[in-house]
Each structure stands twice: as C-alpha cells, then as structure tokens.
Amino acid sequence: MEFKLEAHRIVSISLGKIYNSRVQRGGIKLHKNLLVSLVLRSARQVYLSDPCPGLYLAGPAGSPAAPPQQPGEPAAGPPAGWGEPPPPAACVAWPETEPQPERPADPAPPRVGAAEPAAPVTGAGDALRAGEMEEAEAAWRRVEGPREAAEGGAGVFAGAEGPRGARRHCGCPPGGEDRPGALGACPRVDCRCAPRPAEDEPPAPPAVGPRKRGAAGVGGGPAGGPAPGSSPLKKPRRNSEEQPGGAEEEEEMETGNVANLISIFGSSFSGLLRKSPGGGREEAEGEESGPEAAEPGQICCDKPVLRDINPWSTAIVAF
Amino acid sequence: MELKKTRADIISTVEFNHTGELLATGDKGGRVVIFQREQESKNQVHRRGEYNVYSTFQSHEPEFDYLKSLEIEEKINKIRWLPQQNAAYFLLSTNDKTVKLWKVSERDKRPEGYNLKDEEGRLRDPATITTLRVPVLRPMDLMVEATPRRVFANAHTYHINSISVNSDYETYMSADDLRINLWNFEITNQSFNIVDIKPANMEELTEVITAAEFHPHHCNTFVYSSSKGTIRLCDMRASALCDRHTKFFEEPEDPSNRSFFSEIISSISDVKFSHSGRYIMTRDYLTVKVWDLNMENRPIETYQVHDYLRSKLCSLYENDCIFDKFECVWNGSDSVIMTGSYNNFFRMFDRNTKRDVTLEASRENSKPRAILKPRKVCVGGKRRKDEISVDSLDFSKKILHTAWHPSENIIAVAATNNLYIFQDKVN
C-alpha cells in the first residue's frame, strides 16, 4: 500500500514537472522530460500492479500491453500527421455516450474499460471528465502548433486553453476560435462535422485543424509548415505535436484523479512500456502513434473515437 | 508554479587551456571570463602564479527563435580551447544552439603620429598638409580584445550539451540530445552529421545523448554517452554516419538497487577521456566510473561520490536535484579524478592508493593560503563534531563544474557564482 501511495505521489510530481517544463526558459528539455517520463512509467506500473482494493483503479491491473496500433506510423507516410483523429480521452471520459462500436477493434478495449469504470467511481467524476476533456483538447490544440515549435519545445503554443465552448463533435474547433492561424469555420476540409446522434458531450478536442495535409500547409500556427532550412530533421514529424500540453490541464486536476490519468496515459508510453530487462533499446512499437496514424484523406469523423490520447508522450514527442 | 530566479553570474562551465596559463569560465548570462596566471617573478618565489582576470566578453546573447516561438538561453554550456598556434588564443564557446569561435588577442602598441586629423579628430583639409608623417607604434596599456571569428549556427534542433576539439585541430564536434555534428573550423555554413539517434517515431525515444568527446590522439575516434548509462565509441573511418558503434560500454544493472529512479541515476552526465587515451571516465548521479577502452562489459573502477543520497532519491527528484549534471575531470597524470557534490563539497579519488577526500569550497573555510580541511558526511548514528549530517547538506550549493590544470596540481572549482582556485601546497 505504501508503494501505491508513493507511486501515486510520484506520478503527481512527475506530471507537475512536465507541466512546468513548458514554461521554462530555453524551451523544453528533452533529456529531462524523457527521464521524468521513465519515472512516470515506473510509478504507473507500480501503481497499477499493486493490488489494492478501494482505489478507483482502472480496469485490468497492469495495463495490458498496448495493442498494436492501428494504422500506425506509415513508414514514409504522408508528410503530415495532419488529420489526426481527435484524441480518445475525451471520449473515454464519457463511457455512456461513447458507443464502443465507433471504435475500431484496435484501441485497447482494456484502455477504454480502464477509464470507464473509473469515471463513475470517482467522486469528482464530472470534474474528472471535464478535466480530461480539457487536457485532451489542450493536447490537440497543440497539434496545430508549428512543427518546429514542437521540435524545439513548444513554447508559446504549449499553453493551450482556448475557448472550450461547444465544439464540433469531430473535434474541429468552433468557429471563431482565436488560435493563431486557425480558420474560422471547420478547418478540416474533409470533416463533415455532421451532428452525431446521441452525443451531447463536449465534443472531442479539435483535430489538427487548420493544417492541410500535404505541402501547402496552411499555417496552423506561426510556423506554418516545417521550414526547410530550420532543422535538420530527416523525417516529417508525423506524431505531431502532442505536446506536453496535456499536462498543463492535469495540473488543475486533483491528484485523486491521477489514477485515471495513468490509465489514459499508460497506453502512450509505447516505446517505454516494453523496456526489455536487458535494458537494450526498446522496440519500436507501432502503437500509440496517436494522431499521425491517420491515413491521408481520412475523415476525422470516421476515425476511431477511442484513440489513445498521448498528452504525456507529447512531452517528449514535442520536438 | 514558482519561478526560480537564476542569477546571470552563475558559472556554467570552467576550462583550462592546454598549457594551463589561461582559465576560462562561462556563465548563465552568456559571458566568458578568462583568467591568466601571472608569471612567477623572482621577487616572489613563494608566491605561485595567481590567476587574474585577463579578459571578459559577452559571448552569447539571449535569442528568440521566432519560427519555433522559443527562447534560446544565452547560458554558456561549454568552453573548449584550441591549442595555441600563434600569439592569439582561440576558444570555442557554445550555448544551446550556436557555437562560436573566439579569438582573444593582446594589443600593447598603438600607432601614433597620424597627421591627417586635427586634435579633435576632424579630417584636415588635404591642402594644409605639407609633410608626410609615418605613424609610429608606441606602447600602450595592455588591451585584451576578444573577437568572434566564426559563428556556427543553425545546425542543432535540440540543445547542445557538448563540444570537443579534434586532435587534428581542424575539426570539432558538437553534440545535442539526438545528434552529433562534425565541423571544420573554416566552414560555418555546413557541418557533417555523424551520429543521429532520433527515432522515426519520437514516441519510441528511449535515450538521448548526454555528452561526447574526441579521443585525445586518434582523430577518427570519439565517444558519446547516453541517458541510459551506456557509452558508445565510434570510428569515423567505418562509415560516414556513425550510428553503429565500434564499442559499446555498459554495466549490467544491479537488480537490488532498482527503484523508481534507477534510470535517472544511471544517466551519464559527463564523459572524459584520460590524457593517455586509454581510459574513459563517466559520471552518473551517484558514482564516477573508470572504463578501460578494451573492456566493454563493465568499468574497471567505480567510486561512490555520495552514496548516502541513495535513500533520498525521492526528495531529490522532487526538488529537481536528481537532474543535476555533475562533471568529472582527470588530473594531468590520470592518477586522480575529481568531481563535485552538494554543500559545495567536491571529491577527489586517487586511483592508485584508492584513497579519497572530500573538500569544501566556501569562503569561510578558504582563506588565502589556508589548507583545505577534509570534510566528512555522517551517514547515520552518532555524528562527530566536525561531521555534517546528510540532512543538513545544502542542496542549493552544488559543484557541477571543476577543472584541473593540465600539468600541475591546480584546480578550479565553480560554486554557483564563485570560482575557487586551489593550488597544491608548495613543499
């Protein structure tokens, strides 16, 4: 039990660090955030594996190995991760309104299951959902930031919150959102934004929004598309920019909800989850690739509703 | 959320030049201060050469990358000297993104005797000039000027943590979290990428580069350390991109020491070749290790710097101290190694006698010519009179940067914003 409390505390501290790292001078430090993520993972494993009744812990203990990700990261995929589906967390937070069938088989049912029981159990269920929603939104909003910004450490964009008012269910930002570069109407050209029946809940956070796939990226933010000369990147950053922004919302959440965060984040630690005992390099997992898994041309509404939100992985993926 | 106010004069790097005549420090404000050892004079035989300020200049300024909406700190991460080849001195200094080559030269003469301008400096009407006066060089007060000769920019997406001058004196490398670039001193608009560990999917990222250094004699060989506690030795002759190492140094983890923070404390914060080139030394959070280049599976020596912190890792994680990056240095003969700790303590380990000592850099204890008294940290039980208990250690006073004179027993220790220079007692 002490381990669990300790783990819980460490998770809270770690999330706080990730949150704070966004506002540090000089940008996000990749090394430090990587180390924090390792601690977070360890604490999470302990937290989830320590059987302890009475704690609103998500589904199957020791979160199952993340299932192979869906479409996963195409090796030399489309230039953008744009068009990523809305993160699942928001949907996860609304179990009763999230018809499972909307999800493709892949995303771990356990993950959903994990979050679902949690929501009703927590006393602050609604608050939790709202919080998760916000963080999911925040993470997604960040996706619109310039690639390079995320690369260097999402400075300005890390901040996230924007109008959280009614959003279209597909995650496109409501008209008039004042993000830099955001277009007014539903920015995703291929988003039908058809009202989804039975969905009343706050819609999933905006998808990558204004950025179009392909070359002429409408700047989703100040940086627009990746500036060719500005970074020696070899591959386009598909996994977009799930910046550490998710964490910013967590800060406002009570630590009592951390358990749910863990189950949500858990699946995000793709590469880290399977650290082999020998300590060798981790295998490349295809899963949890989050947004970038989108096929080009995929319509956001069709995207699996339950996608793992990777706000955590954004901390290290931010670059 | 609290903002830590960091002072601009906190020293962030210390480095002797190849002769030990000069000592350079860089600070968080982007300034470089160079000290020069005064020549020993016959009049003061017992007064070993002391170090006095020789030059001060602003190396880096804060920048804002508009593209990334990201502020670039001006803090000097590393300074490395070039060997002296003429009257001027050259050094490399780097912040997170840009490396600069500085030339430090002396001017002690000035031309005088121009008659083209009048006393107020206005040009005289050529018609009034009737004689040709050739200016004469006259002595003037010594002036040391630093000029930036090269700026190597825009080659690093991540934060530069190391620079290292190659033994060929024509090239150097700069390393950031995921890549290492090779530069030629004469060419600033391009560099060769020689190591790239960035995964295709950043979510698969599991380790970063933490330090890198060229071999002192073999210009084709370099090492880089990782956050996973491993060291890779690479040979640039093998391929253009040295993603595949020639040697891989890793010590198996001790399962009994496993904790939430095992990975953090195994991250290597510094790696240094011995002067001989036969060994490498690495520093992680709690230990210093010496490795023989010919044995990859474990270090030949391991020294505990402050093992009493092992039970405090959670607190150190909370206050961020666990992320402190301590450096380590060899003495000139590779027989003693030194590294810093907390409470302004620093430690020296004699590799031959296996003796070690803990010393403190503080004003109270260091009057000029006073002898440093060895310190001791009391781990448990009864504390002796002049021992310090672990709980009274001041974790805000950390010695991250130290330097050892290349041939003499003179050390420079940076304690926050103070620089201490200690010399071995004569006789």
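Every chain is numbered from 1, with letters handed out A, B, ... down the list of sequences.
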Which bit of B:L178 is near chain A, if near means a heavy-atom gap under 4.5 Å: side chain, backbone, both or neither? side chain
Who pairs with B:F261 by ring-ring contact (aromatic ring centres under 6.0 Å, His included), at least two apart in sequence or on another chain? B:Y317
In terms of heavy-atom proximity below 4.5 Å to chain A, should B:F323 be classed as side chain, backbone, both, or neither? side chain
salt_bridge(B:D196, B:K198) N-O dist < 4.0 Å: no
Side chain / backbone / both / neither for B:S226 at chain A, heavy atoms under 4.5 Å: neither
Counting only non-hydrogen atoms closer than 4.5 Å, does B:S227 touch chain A with its backbone (N, CA, C, O), its side chain (CB onward), both, or neither? both
Test of understanding: with ring-ring contact (aromatic ring centres under 6.0 Å, His included), list the residues that count as partners of B:F395, not counting sequence neighbours. B:Y342
Could you give me the CA-CA distance, side-chain angles and deciding distance for B:E263 and B:K228, then say whether salt bridge (Lys or Arg N to Asp or Glu O under 4.0 Å) is met? CA-CA 7 Å; B:E263 281 129 339; B:K228 272 191 175 176; over 6 Å; no
